[in-house]
There are 2 protein chains.
Amino acid sequence: MRTSDKHQKIIQAAIKVLANKGFFNARISDIAKEAQVADGTIYLYFNNKYDILITLFEEEIGKIIVLVKQLIEKETDPKIMLEIFALQHIKMMEEKKELAEVLQVELRQSNKFMKEYRNTKFIEYIDIVSHIIHLGQEKNIFRKDLLPGVAKRAFFGALDEMSRLWILSSSHRYTIEQSANQIVDIFLYGMTEKT
Amino acid sequence: MRTSDKHQKIIQAAIKVLANKGFFNARISDIAKEAQVADGTIYLYFNNKYDILITLFEEEIGKIIVLVKQLIEKETDPKIMLEIFALQHIKMMEEKKELAEVLQVELRQSNKFMKEYRNTKFIEYIDIVSHIIHLGQEKNIFRKDLLPGVAKRAFFGALDEMSRLWILSSSHRYTIEQSANQIVDIFLYGMTEKT
DNA sequence: AAAATATGAATGAAGATTCATTTATTAAAC
DNA sequence: GTTTAATAAATGAATCTTCATTCATATTTT
């Protein structure tokens, strides 16, 4: 039976350790120790060190996608949808600070050292934004000349960079809500002064 | 004498190797080979592996800053300044694809494995944007309610995420100019349809 | 008492760094 | 201007440490 659920225990330990040390500086024995498990036990649940990271990506991003989609499905106004996505994305940073750190740093370089791995879950997450933009265009709320491929990246990138700042610096001038609102506001109405 | 300038040769070799393998998978001997230099020679010019990376950051970002500042100084309209910054940033990606890859990936994780290193050059680069935004506010061209700390990150993040896509994927739907223009346009005027 | 889980010491490969030696460059002496 | 000595630059094989992974053994569960 899986009363102790080692799989989950190891994943959670890995998040903690990887957030602090990064993938290459983290030792398997660090993760084992954090999970209160023997080094060898890890290899009963994962094929190798990479496999821990990949599984972590898939499972944790998967959870986030489910949550965000649920929240958005209830809405019909694409503007509000964007707001929800933004707030949810940045909120995640403080609720799951360590996971966020891992995703920010390791996801970026995973392409580099795991050539074959295509992170479809991550793409699925970003595509939530492009669906919202599409919807907004159909409803005549968003400009028709938006290139959804560019707009989704720009929006996601803005949020993500804001999150990075949030994670990496200790002092915060603005609240998470302020930041998220400001970004959505800029994307909806632009930075130009109405005259 | 420095007719062959090993320092420069090693940096350029490092860019190439790190772009392909990433910092942790790159061996010193790989860099040495690429630079056509003995392994030991590298240690006559750099203290250790980290030192190569840090020096690379400082020197190469430094060059970019000088260039961008030159281009912007000639302008007075903050809108145009933003355009120049955007175009220049994304252009860099194709002109120095390998450098861009290193910056995208390694800069992100450098905080993780070099706790003491504060990348002031990088901050200086991003601050170019916040200066532009400030200027725009003073001139009553940009909204006064913009939080420059958030807006600069959002703008930079949007560009950077776009660049990442450009670097990592091989097929490109839009040109660099299209992408840069679209992003600036969104930031200036928003995504909402004028009705 | 099988079968399934878990352990952690031992193995072996990898690769950053060192340093004794070689080669190239500059200066000095004649 | 040629030979010799001193200094600087470069080499790359050897060293030494650091883990990921394995597996013979032990423990727990059924």
Side-chain angles (χ1 to χ4, degrees), chain A residues 1-58 102 105-106 109-110 112-117, chain B residues 1-59 102 105-106 109-117:
Chain A
M1 222 190 302
R2 261 198 184 187
T3 46
S4 61
D5 201 0
K6 296 265 158 75
H7 175 97
Q8 202 44 228
K9 234 175 159 182
I10 293 168
I11 292 280
Q12 294 310 316
I15 291 174
K16 205 164 239 171
V17 173
L18 294 183
N20 280 316
K21 301 196 161 189
F23 182 79
F24 288 102
N25 288 316
R27 280 168 289 148
I28 287 289
S29 59
D30 292 334
I31 298 174
K33 199 179 205 180
E34 180 69 38
Q36 292 176 294
V37 140
D39 293 16
T41 305
I42 289 185
Y43 290 87
L44 299 175
Y45 292 88
F46 300 92
N47 296 326
N48 50 45
K49 201 180 168 187
Y50 291 164
D51 190 34
I52 303 175
L53 188 65
I54 292 178
T55 308
L56 186 164
F57 285 164
E58 302 277 327
V102 175
V105 174
E106 309 302 335
Q109 57 170 356
S110 61
K112 198 109 287 168
F113 64 88
M114 300 179 297
K115 294 288 181 192
E116 76 296 346
Y117 174 58
Chain B
M1 221 188 305
R2 262 202 188 186
T3 45
S4 61
D5 199 0
K6 295 267 156 73
H7 175 98
Q8 202 45 226
K9 234 177 160 180
I10 293 167
I11 291 280
Q12 293 310 316
I15 292 174
K16 205 165 239 170
V17 173
L18 294 183
N20 280 315
K21 300 194 160 191
F23 182 78
F24 288 103
N25 287 315
R27 279 168 289 147
I28 287 289
S29 60
D30 292 334
I31 298 175
K33 200 180 206 181
E34 180 69 39
Q36 291 177 296
V37 140
D39 292 16
T41 305
I42 288 185
Y43 289 87
L44 299 175
Y45 293 86
F46 300 91
N47 297 326
N48 49 45
K49 202 180 168 188
Y50 291 165
D51 190 34
I52 303 176
L53 188 64
I54 292 178
T55 309
L56 186 164
F57 284 163
E58 303 277 327
E59 292 185 359
V102 175
V105 175
E106 309 302 335
Q109 58 169 356
S110 61
N111 295 70
K112 198 108 286 167
F113 65 89
M114 300 179 298
K115 294 286 180 191
E116 76 296 348
Y117 175 58

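Just so you know, these numbers come straight off a predicted model, no measurement behind them.
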Please report, rounded to the nearest Å, how far the P atom of C:dA10 is from the OH atom of A:Y43.
-> 18 Å
Count the heavy atoms of every other residue, nucleotide or ligand shown that sit under 6.0 Å from CD of B:E59, and state whether that count exceeds 12.
-> yes
Would you kindly give the NZ-to-P distance between A:K6 and D:dT29, to the nearest whole Å?
-> 10 Å
Using a cut-off of 6.0 Å, state whether more than 12 heavy atoms not belonging to A:E58 lie near its atom CD.
-> yes
Between B:L44 and A:I28, the residue closer to the 5' end of DNA chain D by nearest nucleotide is B:L44
Between D:dT11, C:dT18, D:dA20, spot the one nearest the side chain of B:T41, thanks.
-> D:dT11
A:K33 NZ to C:dG8 P, straight-line distance once rounded to whole Å = 12 Å
Would you say A:E106 and A:F57 make side-chain contact, with heavy atoms under 4.5 Å?
-> yes
Taking D:dA10, C:dT17, D:dA20 as options, the one with an atom nearest any side-chain atom of B:K49 is C:dT17
Write down the distance between CD1 (A:I42) and P (D:dT21), rounded to a whole number of angstrom.
-> 10 Å
Rounding to a whole Å, what distance do you find between B:Q36:CD and D:dT11:C1'?
-> 15 Å
Non-hydrogen side-chain atoms of A:L18 and A:L56 separated by less than 4.5 Å | yes
Take atom CG of B:N25 and atom P of D:dA20, then tell me their distance rounded to the nearest Å.
-> 13 Å
From CG of A:D39 across to C1' of D:dT22 the rounded distance in Å is 12 Å
Rounded distance in Å - NZ (A:K9) to P (C:dT5) = 16 Å
Out of C:dG15, C:dG8, D:dC19, which has the shortest distance to the side chain of A:R27?
-> D:dC19
